Amino acid sequence: MIKKLHRKFILINMLFVSSIMAAVLGVFYYSAIQRLHHQTEMAVREVMEIEHFDRELEKQEPGRPRPDPFPLPSAFIITVDSDSGQIADRKEINLSVSQELAESLAAQVIHSGNTDGFLEDYSLRYHLEPSPDGTKIAFIDQSYQIAAARGILITCILVFFIAMVLFFFLSLFLSRWALKPVKTAWQQQNQFIADASHELKTPLTVILANLQILSAHKDSTIKNQEKWLENTREEAKRMKKLVEGLLFLARSDAGVLTETTPHQMLDFSDSVLNCVLLFESVAFEQKVKLTSSISPDISLSGSEAQLKQLVLILLDNACKYAGKNGAVNLELKKSPHNACLTVQNTGDPIPLEEQKHIFERFYRTDKSRVRKEGGYGLGLSIARTIVEHHKGKIIVSSNSEEGTIFTVSLPL
């Protein structure tokens with residue numbers, strides 16, 4: 001799927017760029033050809049005007065050479081007698097032409113009936129004007145302009161293909177860069193489905209096994225089969241907790257979490273204190289020392305249910321990994337713009353390379369404690385989702401000296 005999307009991205013990008021390049025170079029080439037065409041038309045008229053100027057100068061001052069401040073193009077002028085239709089005069093300017101060729105060119109121009117045109121076989125542009133001496137036809141050699149136009153066309157084609165090659169490699173790079181988040185999301189989705197299926201498979205297997213045992217002893221009383229019923233109930237609770245976590249994350253991904261849980265002003269200090277009191281018995285049972293320092297009257301806007309869930313997740317995670325006879329310390333204080341909640345626990349530190357993955361779904365640093373601790377690796381992912389839903393930040397730091405510290409900042 002990603003490879004197909006990658007190819008489609010490159011194809012669309014290349015089609016878009018090639019269309020723009022073709023349009024730009026096409027306009028450039030058309031403009032250049034029109035400019036050359038206009039320059040040639042102007043030149044052939046100037047040749048005719050120069051011929052008129054030479055005649056007038058010869059009449060006024062015979063033998064005086066014409067001033068020539070600009071180089072003249074390769075051209076020649078033919079005067080055709082109106083009565084006989086023969087060439088009465090031929091003037092050559094930087095171009096030699098035979099009498100036979102001049103007669104043939106004059107005949108073609110007069111036969112066409114146009115005053116301006118282009119003889120493609122001879123690369124000559126002409127301009128016809130009537131005069132007292134007959135019909136004057138000025139020809140100008142357009143070989144240079146044709147070569148220039150061909151050179152412009154070849155240059156445009158080369159520029160197009162070179163640009164396409166460069167844009168192709170650029171598209172390869174851009175496609176990898178642009179589709180990297182999509183690829184990551186696709187991989188995470190596949191991993192998420194695989195992990196969720198695996199986690200759901202375990203309790204379902206246990207439940208089915210217990211039910212099979214119960215069905216094999218149909219004559220036994222409920223009292224005798226209480227062990228299997230209790231196991232089934234515990235696995236059902238675990239599966240219910242997993243499904244609720246998955247549903248919460250799915251609603252968050254769908255963007256409906258805000259709509260279903262509107263924010264309101266609440267006493268965050270009181271909510272955190274209730275969570276600590278609720279967890280005192282859990283900590284005592286796990287032989288973990290739980291201490292807290294909560295600043296009073298810290299109010300903020302949010303969902304009380306979600307914020308309590310956040311605190312409970314952090315406390316539960318801290319108690320699980322504090323170790324036997326370990327310690328957990330919760331602190332809530334107020335800064336100028338944020339409420340800062342920290343939960344610190346003793347125990348083995350989280351390796352640095354794993355800290356960046358700690359908030360990923362189904363991720364655990366210790367795979368061997370999956371069933372023992374009773375978790376699924378969704379708690380910290382849900383905690384991060386809740387924090388982001390409240391436009392806050394959550395970070396983790398862990399080392400052997402201070403233990404593991406989760407720090408949550410929520411805007412007041």
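In this text, all values refer to a predicted model and were calculated from it rather than measured experimentally. All values below come from the heavy atoms of this structure, side chains included, with hydrogens, waters and symmetry mates left out.
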Between Ala106 and Phe139, the two heavy atoms sitting closest are N-CZ, 4.5 Å
dist Thr342:OG1 -> Ile395:CD1 (nearest 0.5 Å) comes out at 10.5 Å
One should read off an interatomic distance between His337 NE2 and Leu412 CG, to the nearest 0.5 angstrom, of 9.0 Å
Check: Should we count CD of Gln99 as having more than 12 external heavy atoms under 6.0 Å?
Finding: yes
| query | Taking the side chain as C-beta and beyond, is there a heavy-atom pair between Phe76 and Asp141 under 4.5 Å? | reply | no
- Is it true that Arg233 and Glu230 have a side-chain N and a carboxylate O under 4.0 angstrom from each other? yes
TODO: State, without any angle test, whether Ser299 and Asp267 hold a side-chain donor-acceptor pair at a distance under 3.5 Å.
DONE: no
Between the CD1 atom in Ile10 and the CG atom in Asn13, the distance rounded to the nearest 0.5 Å is 8.5 Å
Under 3.5 Å donor-acceptor, Gln344 side chain and Glu402 backbone
yes
In short, Tyr122 meets Leu101 closest at the heavy-atom pair CE2-CD1, 3.6 Å
On a heavy-atom basis, the closest approach of Val276 and Ser292 is CG1-OG, 3.9 Å
Heavy atoms of Gly302 and Leu266 approach each other most closely as O-CD2, 3.4 Å
Review point. Does the pair Tyr126 and Asp116 meet the rule for a side-chain contact (heavy atoms from CB on, under 4.5 Å), with working shown?
Key: CA-CA 6 Å; Tyr126 65 85; Asp116 291 279; 5.5 Å; no
- Query: Is a side-chain donor or acceptor of Thr346 paired with a backbone partner of Ala322 at a separation under 3.5 angstrom?
  - Reply: yes
Closest heavy-atom pair, Val396 versus Ile350, reported as atoms and distance to 0.1 Å, is CG2-CD1, 4.5 Å
message = Is it true that, when you exclude Glu285 itself, more than 12 heavy atoms of the residues, nucleotides or ligands shown sit nearer than 6.0 Å to its CD?
response = no
Do side-chain atoms of Ser123 reach the backbone of Ser143 as a donor and acceptor pair under 3.5 angstrom? no
Backbone N/O of Leu332 and side chain of Ser295: donor-acceptor pair under 3.5 Å:
yes
Between the CD1 atom in Ile137 and the CG atom in Leu105, the distance rounded to the nearest 0.5 Å is 8.5 Å
Tightest non-hydrogen contact, residues Val343 and Ala318, listed as CG1-CB, 3.8 Å
- prompt: Do we see a donor-acceptor contact under 3.5 Å between the side chains of Glu388 and His390?
  reply: no
Just by distance, with hydrogens left out, do Ser409 and Lys393 show a side-chain donor and acceptor under 3.5 Å apart? no
Interatomic distance, CD@Gln306 vs NE2@His389, rounded to 0.5 Å, equals 4.0 Å
Rounded to the nearest 0.5 angstrom, the NZ-CD1 distance for Lys308 and Ile313 is 14.5 Å
Output yes when a side-chain donor or acceptor of Asn274 lies under 3.5 Å from a complementary backbone atom of Asp270, and no otherwise.
-> yes
- Query: Within the distance-only criterion (no hydrogens, no angle test), does the side chain of Asn399 pair as donor or acceptor with the backbone N or O of Glu401 below 3.5 angstrom?
  - Reply: yes
Practice problem: Report the relative orientation of the aromatic rings in Phe359 and Phe406; use parallel for angles under 30°, tilted for 30 to 60°, perpendicular for over 60°. | Solution: perpendicular
Determine whether a donor-acceptor pair (N or O, by modelled atom type, separation under 3.5 Å) exists between the side chain of Ser104 and the backbone of Glu100. no
